[in-house]
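Each residue takes its place number in the sequence, starting with 1. Whatever order the structure lists them in is the order used to number ligands and atoms, beginning at 1.
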Amino acid sequence: MDNDNPRLDTYYAELRQHHLGPLWNSIGRLMTHEPRPRAEAHLWRWSDVRRYVMESGTLVVPDRGGERRVIFFANPGFQELEPWGWGAMTNTLYAGVQLLLPGEKAPSHRHNQNAIRFVLEGRGAYTIVEGERIDMEPGDFLITPAGLWHDHVHAGTEPMLWFDCLDIPLLYQLGVMFFENYPDYNQPITKPSGYTEKRYQTSGLRPIQDHRTVYAPQAVFKWRSTQDALRRLAELEPDPYDGYGVEYVNPATGEAAGITIGAAMQLLPPGHHTQAHRHVHSTIYHVFRGSGYSVINGVRFAWHTGDTFVVPNWVWHEHHNTGTEDAYVFSTHDAPVMERLGLEREESYPDGYQPVTGEYPG
Ligand code: GTQ
């Protein structure tokens with residue numbers, strides 16, 4: 001465009017004063033050729049994360065106001081926005097590690113953010129979601145859909161650690177958040193014990209009234225059944241990009257377990273190396289067990305049990321188990337958002353594997 005007119009400088013200044021803007025100068029920033037997420041590929045070592053999470057147990061107690069004792073992952077790509085960014089791990093997702101100590105209770109509240117949890121360590125704690133008590137054990141996957149009262153109680157004897165993922169940054173950017181405290185500190189347990197298991201024990205059989213259920217009728221997916229499913233799959237052909245993987249789905253609809261948040265567990269046998277691909281949705285990985293590395297846009301991120309790393313939108317990634325045991329890698333992602341909005345795309349890396357051009361942390 002012809003930008004030589006001497007009037008333009010004062011014209012732009014006047015536009016700014018009137019809170020107006022010229023598209024022709026901004027279109028390259030407003031409409032990038034490809035996704036340019038603020039989120040960056042990054043990895044957090046479990047030794048650091050666990051140390052600070054455990055120390056928080058000596059510093060603060062969960063109570064009304066602060067609500068939860070959680071250390072969240074602050075993706076460096078967002079750090080200039082505000083102290084600790086928006087709590088954003090990716091452009092849409094927040095993630096953190098929550099600690100509940102024996103005898104502690106975290107107060108009941110509800111919000112329009114969706115949450116999922118993946119249990120890392122400890123036994124004896126349970127969460128109450130809309131009157132249902134859900135016991136937590138390592139490897140269990142839990143869903144707390146938007147709008148339901150939820151609180152956590154620890155009736156056991158060892159520290160309990162779990163991984164949380166919520167769609168906080170998505171709702172933040174949409175400007176649509178609601179949050180409410182339950183009138184009492186905790187809510188009563190009103191549903192029969194083992195409610196989820198009684199209703200959804202057998203795959204392919206749906207309680208007849210659940211054709212009316214819109215979301216997450218299965219509140220918990222036990223580690224034992226996830227691992228059994230993966231071991232059976234591992235006798236067959238792997239997926240080229242994900243190895244042997246299962247998605248946690250809403251058994252009433254077959255859709256992702258959460259409305260905005262999907263999740264999966266992958267098994268990579270020793271030596272298994274997946275091919276590289278990229279997709280529009282962003283993914284957060286937590287290494288449940290094992291060691292290996294992932295190559296993310298050419299950079300090799302070595303990982304071990306407990307590490308958390310992030311694959312932002314539209315970056316090439318592949319995974320390699322370099323250990324001697326099966327690796328189990330949990331992941332959570334925003335594909336449900338991309339699919340609902342018609343934004344999802346996927347591409348395979350033309351040569352299968354990326355050349356490694358860098359190492360993390362460098
Ligand atoms: O356990 O309800 O990590 O409300 C962030 C917000 C956990 C929870 C988080 C929450 C929770």
Just jot down the ligand 1 atoms closer than 4.0 angstrom to any heavy atom of His111, in number order.
4 (O)
Within a distance under 4.0 Å of any heavy atom of Val70, pick out the atoms of ligand 1 and give their elements.
3 (O)
Quick check on the hydrophobic clustering: are Val97 and Phe118 connected, directly or via other members, by side-chain heavy-atom contacts under 4.5 Å?
yes
When you compare the side chains of Glu318 and Gln354, does any donor N or O come within less than 3.5 Å of an acceptor on the partner?
yes
Can you tell me the protein heavy atom closest to [atom] and the distance?
| atom | result |
| --- | --- |
| atom 7 (C) of ligand 1 | Asp164 OD2, 3.2 Å |
| atom 1 (O) of ligand 1 | His152 NE2, 2.7 Å |
| atom 6 (C) of ligand 1 | Leu166 CD2, 3.9 Å |

Quick check on side-chain hydrogen bond (donor to acceptor under 3.5 Å, both in side chains): which of Gln187, Arg110, His109 does His150 satisfy it with?
His109
Pairs where residues 335-362 contributes a residue and the test ring-ring contact (aromatic ring centres under 6.0 Å, His included) is met, not counting sequence neighbours:
His42-Tyr360, His273-Tyr353, Phe301-Tyr360, Trp316-Tyr349
Closest to atom 4 (O) of ligand 1 (heavy atoms only, candidates Gln113, His109, Gln98, Arg68) is His109
Structural part of Tyr94 in contact with ligand 1, heavy atom criterion under 4.0 angstrom:
side chain
Quick check on Glu67 - does any of its heavy atoms sit under 4.0 Å from an atom of ligand 1?
no
Sorted by chain and residue number, the salt bridge (charged side-chain N to carboxylate O under 4.0 Å, His left out) partners of Arg29 (sequence neighbours excluded) come out as none
Cation-pi check for Tyr195 against Lys191: NZ or CZ below 6.0 Å from the six-membered ring centre and within 45 degrees of the axis, yes or no?
yes
